[in-house]
Amino acid sequence: MTDHRKGSTMLNIDLYTEITCPWCIIGHHRLDKVLAERFPDLAVAIRQHPVLLLPDAPAEGLYIADLLRSRYGVTDPAAAFARPQAEARASGFDLDLGRQPRTYRTQAAHGLILATAGRDTQHALAVAITDAYFLEGQNISDAEVLADIAARHGFAREEARAIALDPEQHRRVEQEAARSAAAGVRSVPHFVFGGRIAITGGRSEDEIASAIRQAAASPATA
């Protein structure tokens, strides 16, 4: 749980994401930007929930170009990348999807994020891992990489490494992801504001702000 702002009303935001989804890094940055710029006095608690898009990816990962070709028939990755990169620029950050050639299993990363449930650092950790994957081209299935990131967000390094390597924590992630799917989460990012206002996909800053405004106006958000 993350209390980002000080105010008289607490708005719960449930955020369902997959770390390796480009629309999810855009969703993270847009949510934080909208909260900072348009709702500076609104107290929010952001709760992260895992979604697994490639739960059976091999340990060494998959080349994104191969995945796009085999799954979606995309033969020109640069053309597929153009729209999310343009959307990121529109929100003020540089997203070059060519920096990261591979996609990886995300159970270990989600496991660390789940382990921060109830801490103020959960959302910041989720954003940091997602940024490390996309912006720095890091292998976020590697326990050493994850431990380095988590050590900057409230974990002792060895504690984080142990969580990232724990098969039981991986199973917990898979169970939580199954609950997300059973609840109707089919695409990401999926936002639920105040427990009742849901929006999905690559939404604009205005659309995110409108959903926050609508949820914050309801007594059900408390």
Item to complete: Ignoring hydrogens and angles, tell me if any N or O in the side chain of H153 forms a donor-acceptor pair with the backbone of I149 under 3.5 Å.
Response: yes
Fill in: Non-hydrogen side-chain atoms of F93 and I26 separated by less than 4.5 Å
yes
Worksheet item: How long is the span from the OH atom in Y133 to the OG atom in S141, to the nearest 0.5 Å?
Response: 10.0 Å
Practice prompt. Examine Y104 and F81 and state if one hydrophobic cluster contains both, with Ile, Leu, Val, Met, Phe, Trp and Tyr joined whenever side-chain heavy atoms are less than 4.5 Å apart.
Written response: yes
Worksheet item: Is the shortest distance from a Lys or Arg side-chain nitrogen in R171 or E174 to a carboxylate oxygen in the other one below 4.0 Å?
Response: no
Discussion item. Within the 3.5 Å criterion, strictly below it, is a donor on E18 or H110 matched to an acceptor on the partner's side chain?
Written reply: yes
Discussion item. Testing the 3.5 Å rule here: is there a donor-acceptor pair between the side chains of D131 and H29?
Written reply: yes
Worksheet entry | Same apolar cluster: L42 and I208, side chain cutoff 4.5 Å | yes
Fill in: R203/E87 ion pair, N-O < 4.0 Å
no
Item to complete: Decide yes or no for L31 and I212: does some side-chain heavy atom of the first lie under 4.5 Å from some side-chain heavy atom of the second?
Response: yes
Discussion item. Please report the interatomic distance CD(E144) to CZ(R161), rounded to the nearest 0.5 Å.
Written reply: 4.5 Å
Worksheet, complete the sentence: In short, L97 meets Q85 closest at the heavy-atom pair N-OE1, 2.8 Å
Worksheet item: Taking C-beta and beyond as the side chain, do Y16 and T200 meet within less than 4.5 Å on heavy atoms?
Response: no
Worksheet entry | Distance, nearest 0.5 Å, that separates OG1 of T103 from CG of N139 | 10.0 Å
Worksheet entry | Aromatic F155 / basic R119 pairing, under 6.0 angstrom, 45° off normal | yes
Worksheet, complete the sentence: Between A90 and E205, the two heavy atoms sitting closest are O-OE2, 4.2 Å
Practice prompt. Mark yes or no for whether T106, through its side chain, and L52, through its backbone, hold a donor-acceptor pair below 3.5 Å.
Written response: no
Worksheet item: CD1 of I19 to CD of Q107: how many Å apart, nearest 0.5 Å?
Response: 9.5 Å
Fill in: Same apolar cluster: V173 and I129, side chain cutoff 4.5 Å
no
Worksheet item: Rounded to the nearest 0.5 Å, how far does CD of E37 lie from CG of D32?
Response: 11.0 Å
Worksheet entry | Close side-chain approach of E60 and R102, heavy atoms under 4.5 Å | yes
Fill in: Atom of F193, atom of L11 and distance for their closest heavy-atom approach
C-CD1, 4.3 Å
Worksheet item: Given the rule in the salt bridge (Lys or Arg N to Asp or Glu O under 4.0 Å) test, do D206 and R38 qualify, once you have shown the distances and angles that lead to the verdict?
Response: CA-CA 10 Å; D206 285 345; R38 306 194 195 190; 2.9 Å; yes
Discussion item. How close do Q100 and G137 get, counting heavy atoms only, and between which atoms?
Written reply: NE2-C, 3.2 Å
Worksheet entry | For the student: nearest non-hydrogen atoms of A108 and A164, plus distance | CB-O, 3.3 Å
Worksheet item: Are I197 and V185 connected, step by step, through hydrophobic side chains (Ile, Leu, Val, Met, Phe, Trp, Tyr) whose heavy atoms are closer than 4.5 Å?
Response: no
Item to complete: Flag the pair L95 / R89 as yes when at least one side-chain heavy-atom distance between them is below 4.5 Å, and no otherwise.
Response: no
Fill in: Check against side-chain contact (heavy atoms from CB on, under 4.5 Å), F39 and V34
CA-CA 7 Å; F39 302 94; V34 166; 3.7 Å; yes
Fill in: Side-chain donor-acceptor contact under 3.5 Å, R30 with S91
yes
Discussion item. Can a donor-acceptor pair be found, under 3.5 Å and without considering hydrogens, that links the side chain of R105 to the backbone of P55?
Written reply: yes
Fill in: Heavy-atom pair with the smallest gap, counting every atom of Q122 and I46
OE1-O, 3.8 Å
Worksheet item: Does a side-chain heavy-atom distance below 4.5 Å link I163 with L146?
Response: no
Discussion item. Evaluate L35 against V44 for side-chain contact (heavy atoms from CB on, under 4.5 Å), listing each step before the verdict.
Written reply: CA-CA 9 Å; L35 288 171; V44 298; 3.9 Å; yes
Worksheet item: With a 4.5 Å limit on heavy-atom distance, are the side chains of H28 and T17 in contact?
Response: yes
Item to complete: Kindly indicate whether the side chain of L53, heavy atoms from C-beta on, has any atom under 4.5 Å from the side chain of C21.
Response: yes
Fill in: F134 reachable from L62 in the ILVMFWY side-chain graph, under 4.5 Å edges
no
Discussion item. Quick check for you: to the nearest 0.5 Å, what is the distance between L114 atom CG and Q169 atom CD?
Written reply: 6.0 Å
